[in-house]
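Accompanying notes for the structure given below.
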Amino acid sequence: MSQLPRKPTQKTEAGAYDLELVREIAASMKGLDGPLIPILHALNDRFGYVDDTAIPVVANVLNLSRAEVHGVVSFYHDFRHEPAKRHVLKICRAEACQSMGAEKLFAEVAAALGDSAQVTLEPVYCLGNCALSPSAMIDGKLYGRVSKEKALAEVRK
Amino acid sequence: MTLRIYIPCDAAAVSVGADEVADAIRTEISKRKLDATIVRNGTRGMLWLEPLVEIEEAGKRIGFGPIGIEDVPSLFETAAHPKALGDIAEIPYFKSQQRVTFARCGITDPLSVHDYEKLGGLAGLKKAIALTSADIVKMVTDSGLRGRGGAGFPTGIKWNTVAGTTAAQKYIVCNADEGDSGTFADRMLMEGDPFLLIEGMAIAGLAVGATKGFIYIRSEYPHAFAQMNRAIEIAYTKKILGANVLGSGKTFDLETRLGAGAYICGEETSLLESLEGRRGQVRAKPPLPALQGLFGKPTVINNVLSFAAVPTILAEGSAYYQEFGIGRSRGTMPIQLAGNIKQGGLIERAFGFSLKEIIEVYGGGTYTGRPVRAVQVGGPLGAYWPTHLFDTPFGYEEFAAKGGMIGHGGIVVFDDSVDLARQARFAMEFCAIESCGKCTPCRIGSTRGMETIDKIIKGEDVANNIELVRDLSEVMRDGSLCALGGLTPMPVLSALDHFPEDFTPAHQAAAE
Ligand SMILES: Cc1cc2nc3c(=O)[nH]c(=O)nc-3n(C[C@H](O)[C@H](O)[C@H](O)COP(=O)(O)O)c2cc1C
Ligand code: SF4
Ligand code: FES
C-alpha cells in the first residue's frame with residue numbers, strides 16, 4: 001500500500017553503509033509502481049545519505065543501468081552524497097520568507113555557525129509556512145517566526 | 001458532559017508550538033481531574049492566531065489565541081482570559097469567507113470519517129456512484145472549475161479527454177508538489193481534511209474509468225505526507241477505497257509518493273517522470289498526459305484544490321458552484337496571504353475580490369507596520385504588483401490583462417524596504433537553481449540574467465544592461481519548453497515595469 005512513512009534524517013557513522021541492508025531494502029520495495037525514488041528515500045533516511053557504493057546494488061535489484069540510477073540520485077536535492085552532521089538546519093530563503101528578512105537571517109546564522117562540526121546548514125525554497133515567516137526546519141521539525149537566537153538555540157540543545 | 005478542547009495539528013500551528021500547548025493542556029486536565037478530551041483539528045487558517053485553542057461551551061466554540069504554554073493554566077480559571085477571542089465562528093476574518101472547499105477544515109477531527117460524513121462528506125462520491133461516467137464529467141465541466149495548480153485549464157475538458165480513451169489501465173494523479181512560495185492551501189487541506197482529497201480523486205476515477213491513483217507530495221511536507229498516509233489507511237478500512245468503493249463494485253486504489261526536493265517536479269510531465277522513477281525532466285507535449293501520461297497510460301493530473309472542489313460540485317450541483325465568481329473564473333479561490341503581513345492565513349472567497357480588500361481588510365497591513373510597497377501573486381513565476389493596481393478583480397483573465405497571473409493563489413506582501421532589483425535577481429537565480437536543464441534559454445539564460453542584474457545593481461552600464469535583461473527575458477519566454485523558463489520573465493519584467501526606480505544607480509547607491 002503506502003510508501004514507508006518518512007522518518008527524520010537519521011545519522012550513521014560514515015563508512016557504515018551496509019550493502020546487504022541496501023539490497024534488502026531495495027528488494028522489499030521493488031514491487032511498488034516506480035520504486036526507484038521511494039528506495040532512494042528509504043536509503044537516505046536509513047543511512048543519512050546515498051553512498052556511491054549503493055548505486056550498483058540498487059541498479060542490480062531494479063534491473064537498471066548504474067548511469068540511470070546515478071542520474072536520478074544527482075538530479076534531486078534531497079539525496080545527500082555524504083552524511084549530514086548531527087543537526088540539519090534548513091532555512092527558507094524563498095520570497096515570503098525574504099519579505100520577513102530571511103536573507104539576513106540565513107547570513108547571520110551561517111556566520112554564527114562558522115564551519116560547525118555539528119550543524120549542516122542548507123537553504124530550502126518554501127516550507128509551506130509562509131504566513132508565519134521566516135520558517136526553518138530543524139531535524140525534520142518545522143518552525144515559524146524564526147529568529148537567529150531561536151534557530152541557534154534549537155541546534156545547540 | 002465531556003469538555004472538548006480543540007488544538008490544531010496543522011504544521012503551521014505546530015511550527016509555533018501547538019504540540020507543546022497540547023501537552024500542557026493534557027497535563028492541566030489531569031492535574032485538575034477534568035472530564036475533558038483534546039481534539040487535534042486542522043487549522044481554520046487564521047494563522048496569526050496559532051496556536052489557536054478552542055473550548056466548546058454550550059454548542060459554541062470559544063477561541064483563545066495565540067496561546068503559549070504559559071497561558072494554559074489560566075484557560076481553566078473562571079476570570080476572563082486576556083487572549084479570549086469569543087465565538088470563533090463569529091470572527092469577521094472567518095465569518096466573511098465563502099468556505100466551500102475548506103468548509104470542514106479547522107472544524108472537524110481530520111481523521112474522523114464520522115465527523116467527515118456528519119458535515120457533508122461522501123455525499124459527492126455517493127452521488128457519483130449513481131451517475132454515469134459521462135454525467136460526472138458533464139457536471140464538472142458545467143461547474144466551470146478550472147485547474148487550481150496554476151495554468152487554469154478547464155478540469156472537465158481534461159477529464160473528458162481521458163474518459164474518451166480506451167485503455168486497460170488509466171491513472172489519477174494528484175499534484176501535491178505545492179512548490180510556490182507563498183502557498184500552503186494544499187498542505188492545509190491534506191492535513192485538515194484529507195478525506196476530501198481522497199473523495200475527489202475517487203470521483204475522478206469513476207468519471208474516467210481509472211482504478212488507481214497516486215498523490216505526489218513534496219518532501220518539504222512531512223506532516224502532510226504522514227497525515228495522507230493515515231487517512232488513506234482509514235479510508236481502506238471504511239471501504240471508501242479499495243476493490244468495492246462504498247459498495248459500488250468499482251475499484252479505486254490510492255498511494256502516496258514523496259517528492260525529492262525539486263521545484264520542477266510540480267510541472268505535470270516532470271512529475272510523471274519522477275513518479276516513474278526518473279530524473280524530473282519535462283516531457284515535450286504532445287502527447288498530452290491525458291492520452292499518454294503515467295507509464296504511458298491515459299492520466300488525469302490535477303492539483304489538490306481542483307480535486308477537492310469536485311465533491312461539492314457533485315453533492316450540491318454544478319450550478320451551485322458555478323454561481324460563485326466572475327467572468328470565466330467560476331467558484332471560489334482559497335487565497336493564501338503570506339509574507340510581511342499582520343494577519344496572514346487562508347481566505348476562501350468567490351473570485352472577484354480585490355487585492356486591496358485582502359491585504360487591508362483581512363491582512364490588516366504589514367507585520368512590520370511599514371507601508372505595503374509590492375505584492376507578488378502566483379508564486380515565484382508570478383508578477384510583482386504595485387499598489388495602484390490593487391483594485392484589479394481577482395480572476396484568471398483579469399489578472400492576465402494586467403500582465404500577471406493568479407497561479408495557485410498565493411499573495412506575498414512586501415513592505416517599503418523591498419528592493420525590486422534584488423527580487424528580479426532572485427527570480428533569475430531561482431530559475432537557474434531549479435531548471436531541469438533541458439532547454440538552453442532556461443538553463444543558461446537564467447544565469448546570464450542573474451549576472452546582468454548584478455551589474456545593474458552595481459551601477460554598471462545600467463541602460464544597456466536593462467535592455468539586455470529585456471532581450472534575455474524575451475528569449476526565455478519564447479524559447480522555453482515549460483513555464484519555469486517561460487514565466488521567469490514575468491516577475492523580472494513586472495519589477496522593471498512597475499518599479500523602474502529600483503534599477504537606477506542612485507537607488508542602489510542609497511541602498512548600500
Ligand atoms: C515550473 C512549474 C511548477 C509547477 N508546480 C505546480 C505545483 O506545485 N502544483 C500544481 O498543482 N501544479 C503545478 N504546476 C502546474 C502543472 O504543470 C499542471 O498544470 C497542474 O498540475 C494541472 O492541474 P490543474 O489543472 O488541476 O491545475 C507547475 C507548472 C510549472 C511549469
Ligand atoms: S524551461 Fe527550464 S525547466 Fe522547463 S523544460 Fe526547459 S529547461 Fe526544463
Ligand atoms: S516562503 Fe518560506 S515557508 Fe514559504
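The chains referred to below are lettered A, B, ... by the order of the sequence lines, with proteins before strands, and numbering in each begins at 1.
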*Do A:Arg156 and A:Glu154 sit within salt-bridge range, that is, some charged N less than 4.0 Å from a carboxylate O?*
no
*For the pair B:Gln227 (side chain) and B:Glu191 (backbone), establish whether a donor and an acceptor sit closer than 3.5 Å, ignoring hydrogens and angles.*
yes
*Tell me, for A:Val72 versus chain B, whether the close heavy atoms (under 4.5 Å) come from the side chain, the backbone, both or neither.*
both
_Donor-acceptor pair between B:Ser270 and B:Glu273 side chains, under 3.5 angstrom_ = no
*chain A heavy atoms under 4.5 Å from B:Gln336: which part of the residue, side chain, backbone, both or neither?*
neither
_By the definition side chain to side chain donor-acceptor pair (under 3.5 Å), identify the one residue from A:Arg80, A:Arg93, A:His77 that meets it with A:Glu122._
A:Arg80
*Aromatic ring centroids of B:Phe414 and B:Trp385 under 6.0 Å?*
no
*Where on B:Ile433 is there a heavy atom nearer than 4.5 Å to chain A: the side chain, the backbone, both, or neither?*
both
*Qualifying residues under side-chain hydrogen bond (donor to acceptor under 3.5 Å, both in side chains), relative to A:Ser116, sequence neighbours excluded*: none
*Using modelled atom types only, decide if a donor and an acceptor are shared between the side chain of B:Ser435 and the backbone of B:Gly437 within a distance under 3.5 Å.*
yes
*Classify the side-chain pair A:Arg66/A:Asn60 by whether it contains a donor and acceptor separated by less than 3.5 Å.*
no
*Between A:Leu36, A:Leu62, A:Asn129, the one whose heavy-atom pairs under 4.5 Å with chain B are most numerous*: A:Asn129
*What residues form a ring-ring contact (aromatic ring centres under 6.0 Å, His included) with A:Tyr125, not counting sequence neighbours?*
B:Phe430
*In terms of heavy-atom pairs under 4.5 Å with chain A, which of B:Glu178, B:Arg187, B:Lys212, B:Arg218 leads?*
B:Arg218
*Quick one: of B:Ala185, B:Gly344, B:Pro380, who has the most non-hydrogen atom pairs under 4.5 Å with chain A?*
B:Pro380
*Donor-acceptor pair, A:Lys90 side chain versus A:Ile138 backbone, under 3.5 Å?*
no
*Given that the side chain runs from C-beta out, which part of B:Leu337 has a heavy atom under 4.5 Å from chain A: side chain, backbone, both or neither?*
backbone
*Flag side-chain contact, heavy atom, 4.5 Å: A:Tyr76 against A:Ile37*: yes
*Name the option with the most non-hydrogen atom pairs under 4.5 Å to chain A; the candidates are B:Gly410, B:Gly259, B:Ser417.*
B:Gly259
*Which one, A:Cys130, A:Gly34, A:Cys92, leads in non-hydrogen pairs under 4.5 Å with chain B?*
A:Cys130
*Given a strict heavy-atom distance threshold of 4.5 Å, which part of A:Leu127 is in contact with chain B: side chain, backbone, both, or neither?*
both
*Could you name the residues of residues 365-376 of chain B that have a heavy atom within less than 4.5 Å of a heavy atom in chain A?*
B:Tyr367, B:Gln376
_So does B:Thr183 get a backbone contact from the side chain of B:Asp180, meaning a donor-acceptor N/O pair under 3.5 Å?_
no
*Nearest 0.5 Å please: distance from the CZ atom of A:Phe47 over to the CD1 atom of A:Ile25.*
5.0 Å
_Contact class of B:Cys436 relative to chain A, heavy atoms under 4.5 angstrom_ = both
*Is there a ring-ring contact (aromatic ring centres under 6.0 Å, His included) between A:Tyr17 and A:Tyr49 once you walk through the steps?*
CA-CA 9 Å; A:Tyr17 225 89; A:Tyr49 73 112; 5.1 Å; yes
*Neighbours of chain B found in residues 94-106 of chain A - heavy atoms under 4.5 Å*: A:Ala94, A:Glu95, A:Ala96, A:Gln98, A:Ser99, A:Met100
*asked:* So which residue, B:Gly179, B:Gly277, B:Ser181, ends up with the most heavy-atom pairs under 4.5 Å with chain A?
replied: B:Ser181
*Please assess B:Glu434 against B:Leu484 for the test side chain to side chain contact (heavy atoms under 4.5 Å, CB included), listing each intermediate value before the final yes or no.*
CA-CA 8 Å; B:Glu434 300 295 342; B:Leu484 180 55; 4.1 Å; yes
*So which part of B:Phe214 gets closer than 4.5 Å to some heavy atom of chain A, the side chain, the backbone, both or neither?*
side chain
*Enclosure of A:Lys141 NZ (heavy-atom neighbours >12, cutoff 6.0 Å)*: yes
